[in-house]
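Note sheet for the following structure.
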Protein chains: 4
Amino acid sequence: MTTTGAERVQRRSERSRRAILDATYELLDEVGYQALTIEAIAARAKVGKQTIYRWWGSKSAVVLDVFLERSSSAVPPDGPTLDVTLKRRAERFIEVFHRTPLGRNLGVLLGEAQADDELRAILVDQWFGPRRESIRSTLVEAQERGELRSDLDVDTIIDAIYGPLWYRMAFAHAEVDVAFAHEVVDAVLQGVRAGGS
Amino acid sequence: MTTTGAERVQRRSERSRRAILDATYELLDEVGYQALTIEAIAARAKVGKQTIYRWWGSKSAVVLDVFLERSSSAVPPDGPTLDVTLKRRAERFIEVFHRTPLGRNLGVLLGEAQADDELRAILVDQWFGPRRESIRSTLVEAQERGELRSDLDVDTIIDAIYGPLWYRMAFAHAEVDVAFAHEVVDAVLQGVRAGGS
Amino acid sequence: MTTTGAERVQRRSERSRRAILDATYELLDEVGYQALTIEAIAARAKVGKQTIYRWWGSKSAVVLDVFLERSSSAVPPDGPTLDVTLKRRAERFIEVFHRTPLGRNLGVLLGEAQADDELRAILVDQWFGPRRESIRSTLVEAQERGELRSDLDVDTIIDAIYGPLWYRMAFAHAEVDVAFAHEVVDAVLQGVRAGGS
Amino acid sequence: MTTTGAERVQRRSERSRRAILDATYELLDEVGYQALTIEAIAARAKVGKQTIYRWWGSKSAVVLDVFLERSSSAVPPDGPTLDVTLKRRAERFIEVFHRTPLGRNLGVLLGEAQADDELRAILVDQWFGPRRESIRSTLVEAQERGELRSDLDVDTIIDAIYGPLWYRMAFAHAEVDVAFAHEVVDAVLQGVRAGGS
DNA sequence: CATTAATCGAGACGGTACGTCCAGTCTTTTG
DNA sequence: CAAAAGACTGGACGTACCGTCTCGATTAATG
């Protein structure tokens with residue numbers, strides 16, 4: 001029985017991996033996604049370009065890894081009622097988008113993903129998916145408790161809340177603040193609450 | 001009132017302008033926004049690169065002009081009731097996004113705009129703004145007719161409808177079809193209809 | 001009888017001609033022949049580029065005109081003896097080459113002429129020729145007075161004097177000063193003086 | 001003794017260096033120095049432009065290297081007497097100037113050097129210098145054998161021979177043939193021969 | 001004296017080449 | 001033997017000028 005690729009010792013240098021991801025994070029903050037170059041990452045990380053290409057293959061792949069690693073998946077604690085929970089989640093989302101280097105570049109990365117199916121797939125599966133799943137289970141529980149109309153598609157509810165937030169952030173045609181987040185959550189809940197209308 | 005420098009004769013070549021915009025449109029369709037280069041536009045349009053830089057200055061500026069010029073601002077005819085009108089609008093939006101070269105590249109352009117305030121401003125003012133305004137006036141009329149609750153911000157309603165559509169199109173985590181559009185419009189109207197709740 | 005093109009009056013603007021030649025002279029001094037551009041001349045002279053191309057056709061042609069116009073054809077007064085006369089001429093040549101904007105650029109212009117037969121022809125005929133002719137007649141007179149061997153080609157003598165001077169100036173491998181000029185003139189005269197060896 | 005940065009291994013690709021120099025030589029022959037472009041060299045050599053800029057930095061630098069490498073430093077065998085030796089050298093010089101691609105472009109390169117001190121320095125030190133040195137030693141030997149007057153500067157003699165040849169070639173106001181070369185050598189030797197005059 | 005056509009300043013035009021930057025690959029030591 | 005270092009081909013960038021081509025606006029001889 002021979003050694004398979006899978007069993008092969010990982011010869012990958014952890015030191016290099018760390019340096020690359022850290023350099024990318026820093027540069028992302030300093031110059032933004034567009035101006036980020038593989039060459040600059042390699043230089044900052046004191047790493048050969050080949051080492052980056054060996055393990056990632058493109059700028060977006062490295063950045064995506066930084067996103068997956070850095071962006072806290074910590075979720076704000078549930079509130080006493082569903083609307084408070086959802087509002088806290090929405091506030092956290094706005095906070096991240098506005099205040100963190102990753103958030104500020106998420107829009108560009110999403111733009112990039114429009115033309116790169118692989119990138120989009122990973123982005124949706126690895127980053128967006130888990131966050132969505134967490135909200136989804138909260139909503140499903142509420143539905144099971146009878147707080148939400150049972151005929152509604154939970155995914156539609158999620159999109160109805162986060163869609164408007166993304167929309168405003170992408171176009172920046174209006175302020176995306178806590179007030180707007182509350183307004184949206186309230187409006188949606190009003191429409192979907194069991195016994196409503 | 002005297003002749004100002006601004007009134008100076010337009011020496012700009014209409015022939016070149018047309019050729020550039022047409023070439024850009026074709027290439028946008030053929031290779032997409034990311035792979036589009038100024039050099040290729042110049043070659044296709046049989047124009048010197050300088051002529052492009054003289055009047056636009058960047059790839060995104062040219063593409064934006066193509067958008068503004070090409071994207072029909074024609075609006076589907078109003079329906080018998082508000083929900084039909086809004087559904088028709090939403091369907092048109094989906095149609096454009098899915099089927100036209102411009103629509104397919106709008107997402108990338110919007111991503112680009114995340115890091116380019118000038119581009120975003122123009123995109124919002126020239127493209128997005130007029131389309132929004134048209135829907136806004138429809139909603140305001142409905143509100144004045146008493147069909148919508150008078151305490152609601154019309155802009156929020158628009159975002160509540162188009163936000164989810166954009167959201168799904170950007171992430172492509174679920175199909176954006178006519179059914180979804182109807183679902184969203186219905187949900188929103190249900191919450192905002194006068195006498196509701 | 002109709003007016004033919006040939007008889008047509010010259011409508012050429014003297015103002016423009018002057019401005020162009022002056023601007024060229026200044027720029028030649030400031031940036032040198034190589035860095036000189038038609039565009040810069042036109043800008044400095046406040047003249048359309050076309051006006052330059054209409055009357056000259058190339059950078060070298062304009063510069064050549066400046067040379068022909070500016071370079072004094074004044075010749076130092078003859079000395080009491082042939083050697084003094086020749087030495088004065090050589091000194092003047094060195095002076096011009098070292099101290100005037102034209103002289104400093106003459107080498108480059110000559111280099112240009114290596115690949116441009118028309119330029120070389122004009123340079124030789126208009127600039128170089130007359131200066132040579134003046135020395136030639138001096139030498140011929142000396143030969144007629146019997147001061148020079150009658151079997152010698154006067155042109156060879158001229159080349160024997162000016163060749164070494166140009167040579168040193170072109171390569172700059174050694175100083176081209178008055179001492180060297182005297183040394184060369186003396187050496188040549190020694191070999192060509194009538195009754196010598 | 002430790003390894004200094006200077007001792008660093010040469011990673012330069014010999015394959016590219018060769019291809020660049022060969023392409024330059026060919027193009028120099030085909031289109032001449034003036035029409036030669038870095039872009040054309042890169043294309044012909046199938047090399048990135050950057051590789052040329054990395055190691056040379058300018059058109060003239062590449063061409064100079066071609067000169068230094070290609071131009072045979074082989075010297076015609078000495079003749080039985082000094083005048084024959086010098087004549088053979090002069091003939092060789094004329095031959096090279098007229099018949100080889102390098103010679104034909106030497107004049108232009110020298111013109112270029114008028115405005116580029118670094119180029120001129122290299123040209124003088126690397127190309128012109130060695131050739132001159134060879135003649136110099138021949139003359140010094142002759143002087144030591146007592147064939148030449150001991151009070152003469154050998155450098156002046158060299159300039160007295162080659163100056164007139166260059167001069168005629170640069171201006172092309174008269175034919176530079178073997179006859180003229182002989183005439184010049186004879187004239188100079190006549191003036192400098194020991195016991196002469 | 002008005003007409004009229006060449007010339008003018010201005011500057012846009014199609015092009016070519018520049019010198020730079022970075023992508024992604026290949027090669028040569030070093031640890 | 002993988003990683004760093006960095007040279008390599010390739011291609012697009014944005015700029016500078018080239019020489020040509022309109023544009024009205026003089027301008028000077030002619031009709």
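Computed over heavy atoms, backbone and side chain alike; hydrogens, waters and symmetry mates excluded. Note that this is a predicted model, so its numbers are computed, not measured. Every chain is numbered from 1, with letters handed out A, B, ... down the list of sequences.
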| request: Send over the distance from Arg44(C) CZ to dG9(E) C1', rounded to a whole Å. | output: 18 Å

| note | From the list Arg17(B), Arg12(B), Arg11(B), salt bridge (charged side-chain N to carboxylate O under 4.0 Å, His left out) partner of Glu14(B) resolves to Arg17(B)

| note | Among the nucleotides dC18(E), dT25(E), dC18(F), whichever has the atom closest to the side chain of Ile38(D) is dC18(E)

| Going through the distances and angles, do Asn105(D) and Val63(D) end up as a side chain to side chain contact (heavy atoms under 4.5 Å, CB included)? | CA-CA 10 Å; Asn105(D) 284 292; Val63(D) 172; over 6 Å; no

| said: Just the rounded figure in Å: distance from P of dA3(F) to CD of Glu14(A). | reply: 12 Å

| query | Out of dC8(E), dG14(F), dT9(F), which nucleotide sits closest to the side chain of Tyr53(B)? | reply | dG14(F)

| Between Ala40(D) and Arg17(B), who's closer to the 5' end of DNA chain E by nearest nucleotide? | Arg17(B)

| Which comes earlier along DNA chain F counting from the 5' end, the contact point of Lys59(B) or that of Thr37(C), where each point is its nearest nucleotide? | Lys59(B)

| message | Regarding Arg18(D) and Glu69(D), does a basic nitrogen lie under 4.0 Å from an acidic carboxylate oxygen? | response | yes

| request: Could you check how far CD1 of Ile20(C) sits from P of dT7(E), rounded to whole Å? | output: 13 Å

| query | Taking atom C1' of dT22(F) as reference, at what distance in whole Å does atom CZ of Arg12(B) sit? | reply | 16 Å

| task | Could you tell me the separation between the NZ atom of Lys46(A) and the P atom of dA2(F), rounded to a whole number of Å? | result | 24 Å

| Nucleotide nearest Arg54(B) when distance is taken to its side chain, options dC13(E), dC18(F), dC13(F) | dC13(E)

| task | Confirm from the modelled atom types if Lys49(A) and dG6(F) form a donor-acceptor pair under 3.5 Å, side chain to base only. | result | no

| If only side-chain N and O atoms of Trp55(B) are considered, is one of them under 4.0 Å from the OP1 or OP2 phosphate oxygen of dC13(E)? | yes

| message | Just to be sure I understand the rule, does Thr51(D) reach a base, reach only the sugar-phosphate, or reach nothing, if contact means heavy atoms closer than 4.0 Å? | response | base

| task | Might you work through the side chain to side chain contact (heavy atoms under 4.5 Å, CB included) test for Tyr53(B) and Ile38(B), ending with a clear yes or no? | result | CA-CA 9 Å; Tyr53(B) 283 111; Ile38(B) 294 277; 3.9 Å; yes

| How would you label the contact of Arg15(C) with the nucleic acid (heavy atoms, under 4.0 Å): base, sugar-phosphate, or nothing? | sugar-phosphate

| said: What is the separation between atom CD on Glu39(A) and atom C1' on dA4(F), rounded to the nearest whole Å? | reply: 14 Å

| Expressed in angstrom and rounded to an integer, what is the separation of Ile41(D) atom CD1 from dT9(F) atom P? | 14 Å

| query | When you match Ser58(B) and Ala45(A) each to their closest nucleotide on DNA chain F, which lands nearer the 5' end? | reply | Ala45(A)

| Glu118(D) CD to Arg120(D) CZ distance, which is reported to the nearest 0.5 Å | 13.0 Å

| Which listed nucleotide (dG14(E), dC13(F), dA7(F)) is nearest to the side chain of Ser16(B)? | dG14(E)

| task | Rounded off to whole Å, could you give me the CD-to-P distance for the Gln50(A) and dT25(E) pair? | result | 7 Å

| task | Taking only the side-chain heavy atoms of Arg11(D) (C-beta and beyond), determine which of dT20(F), dG6(F), dA3(F) contains the nearest atom. | result | dG6(F)

